[in-house]
Amino acid sequence: MMKKRVLVTGGAGFLGAHLCRRLIRKGAAVICLDNLWTGRMDNIRSLAAHPDFTFVRHDVTEPFYAETDQIYNLACPASPAHYQRYPVETCKTSVLGAINMLELAKRTGAKVLQASTSEVYGDPEQHPQTEVYNGCVNSTGIRACYDEGKRAAEALFFDYHRQYGVDIKVMRIFNTYGPGMQPGDGRVIPNFITQALAGRDITVYGDGKQTRSFCYVDDVIEAMIRLMEAENGFTGPVNVGNPCECTVGMLAEQIIARTQSGSKVVFSPLPPDDPKRRRPDIGLAQRTLGWKPLIGLEEGLERTIAYYRTGAWTDDA
Ligand code: NAD
Ligand code: UDP
């Protein structure tokens, strides 16, 4: 039997590297496409010698051709620190990357999955967020390059589906964390853990009362593969995340306690448009994919702290 040929854009990033590892273990032939903007070769080092793994250094804003059965489109910086530094490149990556991957899917007949985001809901007025909520995004603010880029990508996915019959899957991922996130990534969990382990101040933005719902990486990868494999014509969009909501202040206290750190919390101004509350309604994922997260914040933080202490990934599902 021919192996499934799977293209993963952004495959050297945090989620992409976990996905590549899981796909190789499942027996797929994987092409990992990445321009190494926010990803790194270290994330995929263990796969490099595998006969079914190919790394291609390429920018997803340029057309790409390969015979493929499935395309996971993950290429895009996800940390606010990264995308706010290069907003134009971020928006181009979302929009042109989506077009190039949809064109490839149209030509090869591959299924194509878009890694969309809870950011399509912006600073939401509906809580928790369901997929039918249209969101509240500031289209001119400093998060717009990412939020509107991802919204445009979703629109393109559904237009290619309606106009050309492309087999699409759209997954709205909520805050995800775990081993493999770069220490300098800038997102809250790597920031707090590296600060706590080094005994530096923990940098809480705002009063720390804003909330997020953090999902462990293995749970997200499981949902991603289930969505891609679903043969029932289900396109999404579907929320994937852990509905367990916590304030940023509580997260800081938990990380200080779990690392037994002497660090103290310091407060600085909240960045503009920072969402105040975020929690996914995952009813649709439960009903259509039979999926729910299995790893709670306590266990996930333990595994992630162990990674930052040792640099080793020991916990792939
Ligand atoms: P990441 O920054 O670790 O990985 C992104 C990868 O894409 C990197 O390897 C980067 O080099 C690559 N990339 C960026 N621009 C590219 C381009 N123009 N051409 C080729 N490669 C490019 O981020 P992540 O957390 O792994 O996120 C992966 C995807 O999942 C992103 O699309 C992100 O929007 C989405 N997502 C992630 C989260 C999360 O919490 N991790 C939440 C919602 C959505
Ligand atoms: N945050 C913080 N300190 C940090 C990094 C982030 O208080 O060092 C806050 C940030 O303002 C936001 C939350 O943590 O309210 C999550 O931020 P992150 O950048 O991880 O993701 P996003 O804002 O995209 O959900």
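Please read all numbers here as calculations on a predicted model, not as lab measurements. Counting from 1, the numbers follow the sequence of the chain as shown. When a ligand or atom number is given, it counts from 1 through the structure's own listing order.
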Between H18 and F14 (judged by ring centroids, cut-off 6.0 Å), do the two rings come close enough to count as a pair? yes
Does S116 approach ligand 1 within less than 4.0 angstrom via side chain, backbone, both or neither, non-hydrogen atoms only?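 The backbone, only.
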Say whether T203, considering both its backbone and side-chain N or O atoms, lies within less than 3.5 Å of an N or O atom on ligand 2. yes
Measure from atom 20 (O) of ligand 2 to every heavy atom in V188, T247, N175 and give the option owning the shortest one.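 Checking each option, the heavy atom nearest atom 20 (O) of ligand 2 is found in V188.
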Going by the closest heavy atom to atom 22 (P) of ligand 2, which one wins out of R187, H82, R143? R143
Contacting atoms of ligand 1, where contact means under 4.0 angstrom from a heavy atom of W37: 11 (O), 14 (C), 15 (N)
What atoms of ligand 1 come within less than 4.0 Å of a heavy atom belonging to A12? 9 (O)
When only distance counts, is [X] in polar contact with ligand 1, meaning an N/O pair under 3.5 Å?
X    : value
T61  : no
P77  : no
N175 : no

Tell me which protein heavy atom sits closest to [atom], plus the residue, atom name and distance to 0.1 Å.
atom                    : value
atom 26 (O) of ligand 1 : L15 N, 2.8 Å
atom 14 (C) of ligand 1 : C76 N, 3.5 Å
atom 5 (C) of ligand 2  : Y205 CE1, 3.4 Å

Looking only at heavy atoms of H58, does any of them come nearer than 4.0 Å to an atom of ligand 1? yes
Does E119 come within less than 4.0 Å of ligand 2, judged by its heavy atoms?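 Yes, that is the case, since the closest heavy atom of the residue is under 4.0 Å from the ligand.
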